[in-house]
Amino acid sequence: MTLAEGVQIVSFGILAVMVLGSALGVVLLTNIVYSAFLLGGVFISIAGLYVLLNAEFVAAAQVLIYVGAVNVLILFAIMLVNKREDFSSIPRRWIRQGATGIVCFGLFALLGTMILITPWSLAPTSSAVIENSIVEIGKHFFSDFLLPFELASVLLLMAMVGAIILARRDIIPEVAIAKEREIVSTSLTLPERPREIASIGSSPTKEQ
Amino acid sequence: MNSGIDLQGSLIDTLKDFGLPPGVAKAIWLPLPMLLMIIGATVGVLVVVWLERKISAAAQQRIGPEFTGPLGVLQPVADGMKLVFKEDVVPARSDRWLFTLGPIVVVIPVFLSYLIVPFGQNLVITDLNVGIFLWIALSSIAPIGLLMSGYASNNKYSLLGGLRAAAQSISYEIPLAFSVLAIAMMSNSLSTIDIVEQQSGYGILGWNLWRQPVGFIIFWIAALAECERLPFDLPEAEEELVAGYQTEYAGMKFGLFYLGSYVNLVLSALIFAILYLGGWEFPIPLERLAGWLGVSETTPWLQIVTASLGIVMTLLKAYFLVFIAILLRWTVPRVRIDQLLNLGWKFLLPVSLANLLITAALKLAFPVAFGG
């Protein structure tokens with residue numbers, strides 16, 4: 001065993017333990033902030049696994065997108081909301097938990113069988129060494145993976161439009177809310193100025 | 001292409017001559033460049049801290065540090081020693097684990113980014129294919145550490161500072177990445193070595209500075225914002241937030257933040273020098289000069305001279321940029337948070353997108369000058 005192989009095996013072990021440990025922490029810890037930080041740990045460890053698989057571009061993209069954007073946004077949302085609410089027990093909660101368990105087990109079984117039945121090429125060095133993975137990824141994106149690529153960009157565009165619509169609502173200060181009692185607020189609505197219905201022609205304005 | 005000086009090969013050969021097996025010789029070599037780079041980065045920070053003190057003193061017509069060592073050069077060492085010996089206070093009701101982990105998460109990615117900084121043709125720790133992209137990816141980890149320390153401090157100023165830091169870092173990463181992308185498009189590569197190689201040959205005229213006049217301004221603004229340097233040091237704005245996410249920190253944990261911010265400044269200056277100022281290139285093309293003088297490229301003394309000139313040039317360019325950053329810090333007022341976000345999203349983002357498009361068009365139209 002050469003030096004490089006030893007380093008690879010040791011780092012694979014460390015990364016695997018990190019992935020499993022922090023993923024379990026994400027699920028099992030009750031403090032949501034810890035879960036969010038540990039999620040970042042999961043993403044970083046998976047990026048390390050990509051590096052071990054010689055997919056350095058995917059690893060860097062994983063760090064940039066999942067750690068730098070997704071995880072920071074999750075943390076941001078948690079810290080901006082910061083809603084300390086006592087956990088109220090829901091009647092027949094076991095139905096939810098059972099359904100979650102079944103779905104998770106199904107996913108696990110699906111992925112497990114996929115891993116077991118795929119004929120992996122277990123040669124220590126792959127025959128086709130890709131020199132520049134970025135160029136290869138780019139070629140695939142614009143040839144045989146064009147449709148998923150475009151679909152993903154349309155999906156992201158939709159998300160962006162939605163975000164702009166959410167961000168452009170007028171939020172009124174709390175003093176004004178107290179005055180206007182007629183605003184119905186549930187736990188899901190943000191305080192918002194009532195939309196004026198656009199009417200063409202003679203509108204009852206206050207100027208008269 | 002001549003390979004220049006092969007430090008790794010010659011050191012391993014020397015060790016083999018002492019009778020060590022090749023594997024052990026390689027294992028002895030491996031940590032050396034990394035250690036050297038960490039020490040270099042730390043010494044670089046000491047120099048920057050001294051420069052900051054001296055230049056700010058000059059900007060305010062003071063003398064600055066002068067008793068610790070000649071011209072006060074030992075002042076940063078004294079600062080560091082003070083931080084090491086200070087009591088390390090963890091505030092009550094704070095989150096002890098996250099409080100400790102925060103500064104570490106901020107500092108490690110910055111030091112890791114030094115992997116890709118080249119000081120010469122072969123003077124780089126690793127020549128990665130993803131090169132400059134790794135820097136962008138690693139710099140996006142820092143806001144997590146800032147949020148972590150802001151949250152764990154159990155202090156409203158800290159939390160606000162952490163949130164501001166994250167918002168600022170997310171907003172300015174995008175123009176930064178776009179301006180780097182324009183460079184990568186012209187160089188046909190993300191590797192830092194290739195980016196410098198592509199600027200070589202014409203001396204100062206070949207540098208990307210002239211081909212990316214808009215890009216380099218965007219990059220500089222975004223890099224200053226990423227480093228939280230003064231026109232953009234909103235996360236630690238003293239008048240509003242005490243010290244932002246650093247408020248509750250003392251001793252070496254504060255020292256890590258301090259170190260991290262200055263290492264990041266030097267790193268950004270180095271990357272700027274690599275991307276826009278030709279990296280280790282001398283303003284006059286040295287190969288041609290040697291050709292005119294009739295000295296062969298493979299002469300040993302010429303190689304040593306060019307290698308040392310490369311290191312000196314990279315550092316000179318980087319420290320010139322650091323000087324500009326310090327001068328900006330002490331002469332420019334701070335922007336407001338809404339101005340900061342407006343500048344990032346409504347001005348820099350569209351301009352950098354347009355810059356990218358124009359670069360692509362110029363690359364198609366003039367492949368000779370814009371790296372076809």
Side-chain angles (χ1 to χ4, degrees), chain A residues 1-7 25 29 31-44 47-48 50-51 54-82 129-138 160 163-164 167, chain B residues 21-30 95 97-98 101-102 105 108-109 112-113 116 126 128-152 156 158-160 162-167 169-171 173-174 177 184 188-191 194 345:
Chain A
M1 191 163 70
T2 61
L3 187 68
E5 282 176 5
V7 170
L29 286 180
N31 189 341
I32 192 168
V33 177
Y34 287 158
S35 297
F37 281 125
L38 280 174
L39 191 64
V42 176
F43 290 143
I44 294 237
Y50 287 142
V51 170
N54 280 335
E56 49 196 18
F57 179 74
V58 184
Q62 162 98 4
V63 171
L64 177 68
I65 293 166
Y66 282 94
V67 182
V70 173
N71 201 23
V72 168
L73 274 185
I74 290 175
L75 281 167
F76 224 83
I78 291 172
M79 287 184 185
L80 278 183
V81 174
N82 198 17
V129 177
I130 295 170
E131 275 296 311
N132 201 341
S133 57
I134 307 166
V135 176
E136 292 301 314
I137 289 173
M160 202 159 74
I164 291 171
Chain B
V24 177
K26 192 128 194 259
I28 290 176
W29 160 260
L30 274 179
D95 197 314
W97 283 98
L98 292 184
L101 206 58
V105 174
I108 287 178
L112 267 184
S113 307
I116 53 136
T126 46
L128 289 174
N129 264 335
V130 287
I132 201 79
F133 188 56
L134 182 81
W135 173 61
I136 293 176
L138 283 176
S139 72
S140 73
I141 298 181
I144 293 221
L146 301 180
L147 277 175
M148 203 181 264
S149 45
Y151 170 81
K156 53 181 178 268
S158 298
L159 184 60
L160 276 176
L163 287 176
R164 274 191 184 185
S169 164
I170 292 176
S171 330
E173 216 154 70
I174 302 168
N188 294 319
S189 170
L190 289 170
S191 152
D194 289 351
W345 289 105

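Atoms considered below: every heavy atom in the structure, side chains included; atoms not considered: hydrogens, waters and symmetry mates. Predicted, not measured: the structure shown is a model, and the values here were computed from it. Chain naming here is simple, since letters A, B, ... match the order of the sequence lines and numbering starts at 1 in each.
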* How about L75(A) and M148(B): do any of their side-chain heavy atoms sit closer than 4.5 Å? -> no

* To do: Identify which part of I170(B) has an atom lying under 4.5 Å from any heavy atom of chain A, answering side chain, backbone, both or neither.
  => side chain

* **Contacting moiety of L101(B), where chain A heavy atoms sit under 4.5 Å** => neither

* Structure fact -> All heavy atoms of A137(B) vs all of V63(A), minimum pair found to be O-CG1, 3.5 Å

* **Segment of I44(A) engaging chain B (4.5 angstrom heavy-atom cut-off)** => side chain

* Asked: Would you say the side chain of V33(A) lies within less than 4.5 Å of the side chain of D95(B), judging by non-hydrogen atoms?
  -> no

* Identify which part of A61(A) has an atom lying under 4.5 Å from any heavy atom of chain B, answering side chain, backbone, both or neither. => both

* Structure fact -> Value for CD1 (I65(A)) from OG (S140(B)), rounded to nearest 0.5 Å, stands at 9.5 Å

* Asked: Is F43(A) atom CZ crowded by more than 12 heavy atoms from other residues, nucleotides or ligands, each under 6.0 Å away?
  -> yes

* Among L98(B), I136(B), V105(B), which residue forms the greatest number of heavy-atom pairs with chain A at distances under 4.5 Å? -> L98(B)

* Structure fact -> If one checks every heavy atom of F57(A) against chain B at 4.5 Å, the contacting part turns out to be both

* Under 4.5 Å heavy-atom distance to chain A, tell me which part of A142(B) shows up: side chain, backbone, both or neither. => neither

* Specify the closest pair of heavy atoms between E173(B) and L64(A), including all atoms of both residues, with the distance to one decimal. => OE1-CD1, 4.1 Å

* Would one find more than 12 heavy atoms of other residues, nucleotides or ligands at under 6.0 Å from atom CD1 of I32(A)? -> no

* Distance from I74(A) atom CD1 to L147(B) atom CG, nearest 0.5 Å? -> 12.0 Å

